[in-house]
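Structure, as structure tokens:
Keep in mind that this is a model prediction, so the values were computed, not measured. Residue indices begin at 1 and follow the sequence shown.
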Amino acid sequence: MQTISAILWRKLDSPGHDACRLEQSDSAWQLDGCAVFLESSGRTAQLHYRVRCDKAWRTQWGTVKGWLGGRTVDACFTRDARGKWKRDDDIFPNLERCIDLDLGFTPATNLIALRRMNLAIGESAEAPAAWLDLSADHLDELSQRYRRTSDSCYAYDAPRFGYAASLEVAPIGFVLHYPGLWQVESISR
């Protein structure tokens with residue numbers, strides 16, 4: 001894997017940071033990062049994550065390892081050729097239309113949908129994702145909609161959370177400003 005870009009975010013709604021790098025090989029893209037933050041319930045979290053996508057930005061698998069308060073987190077999720085999301089041999093039902101894995105504790109995984117859809121200015125698209133609910137240690141569908149409003153901005157809507165905002169995005173696809181949630185501190189190529 002060759003590193004393409006690296007980024008450091010600061011959490012805006014509670015203390016925390018996230019560092020991630022985007023890597024590329026001949027056959028895949030990969031996000032590799034670590035988030036350290038104070039969760040809204042007051043638990044401290046330290047989570048290493050890795051998400052692998054094929055060359056067309058379709059998620060193949062993702063891992064999350066670390067801890068959340070006193071609980072150890074060690075999860076591996078895969079998406080098979082039929083679009084079934086699994087953890088070990090357990091299948092998560094009704095996620096076949098979810099191409100992307102969304103790790104809700106980091107802004108890194110928004111890059112996957114943005115790169116895969118490659119929207120032109122003025123275009124919009126639904127991007128349902130297999131969303132990791134850390135509190136339940138479970139994948140569930142997250143309905144999302146992106147509309148590209150300029151070279152560097154997307155209108156984003158996640159109705160489940162009542163969240164809608166304009167995301168500022170770097171040319172590589174990393175979100176630079178996620179209003180109320182994350183702000184870039186450093187990005188390198």
Within 45° of the ring axis of W29 and under 6.0 Å from its six-membered ring centre, is that where the NZ or CZ of R115 lies?
-> yes
Distance-only, no hydrogens or angles: does the R79 side chain make a donor-acceptor pair with backbone N or O of L101 under 3.5 Å?
-> no
Is atom CZ of R147 surrounded by more than 12 heavy atoms (other residues, nucleotides or ligands) closer than 6.0 Å?
-> no
Do R148 side-chain atoms and L119 backbone N/O form a donor-acceptor pair below 3.5 Å?
-> yes
Would you say R116 and I99 make side-chain contact, with heavy atoms under 4.5 Å?
-> yes
Between D137 and R87, is there a side-chain N and carboxylate O pair less than 4.0 Å apart?
-> yes
Test of ring centre spacing under 6.0 Å for Y178 and W9 | no
Does any pair with a residue in residues 108-143 pass ring-ring contact (aromatic ring centres under 6.0 Å, His included), and if so which ones, sequence neighbours excluded?
-> F92-H138, W131-F161
Would you mind checking if E141 and R97 are paired as a salt bridge, meaning a charged N to carboxylate O distance below 4.0 Å?
-> yes
Answer yes or no: is there a donor N or O on one side and an acceptor on the other, between the side chain of S14 and the main chain of L38, under 3.5 Å?
-> yes
State plainly whether the residues K84 and E96 are in salt-bridge range, i.e. N to O under 4.0 Å.
-> yes
Taking W85 for the side chain and C98 for the main chain, is one N or O donor matched with an acceptor at less than 3.5 Å?
-> yes
Using the side-chain contact (heavy atoms from CB on, under 4.5 Å) rule, pick out the option among L22, I7, D100 that qualifies with L111.
-> L22
With no hydrogens and no angle check, is any side-chain donor or acceptor of D80 less than 3.5 Å from a backbone partner on R82?
-> yes
Can you tell me how far CG of D151 sits from CD1 of I121, rounded to the nearest 0.5 angstrom?
-> 4.0 Å
Would you please say whether a donor-acceptor pair under 3.5 Å links the side chains of Y156 and Q144?
-> yes
Just by modelled atom types, is the S5 backbone N or O under 3.5 Å from a matching donor or acceptor in the T3 side chain?
-> no
When you look at D88 and K86, which way does the salt bridge (charged side-chain N to carboxylate O under 4.0 Å, His left out) test go after all the steps?
-> CA-CA 6 Å; D88 301 321; K86 298 178 185 179; over 6 Å; no
N118 meets the side-chain contact (heavy atoms from CB on, under 4.5 Å) criterion, sequence neighbours left out, with none
Sub-3.5 Å donor-acceptor pair from the side chain of T109 to the main-chain atoms of L103, do we have one?
-> yes
For T59 and W61, indicate whether the former's side chain and the latter's backbone hold a donor-acceptor pair under 3.5 Å.
-> no
Is there a donor-acceptor contact under 3.5 Å linking the side chains of Y146 and D157?
-> no
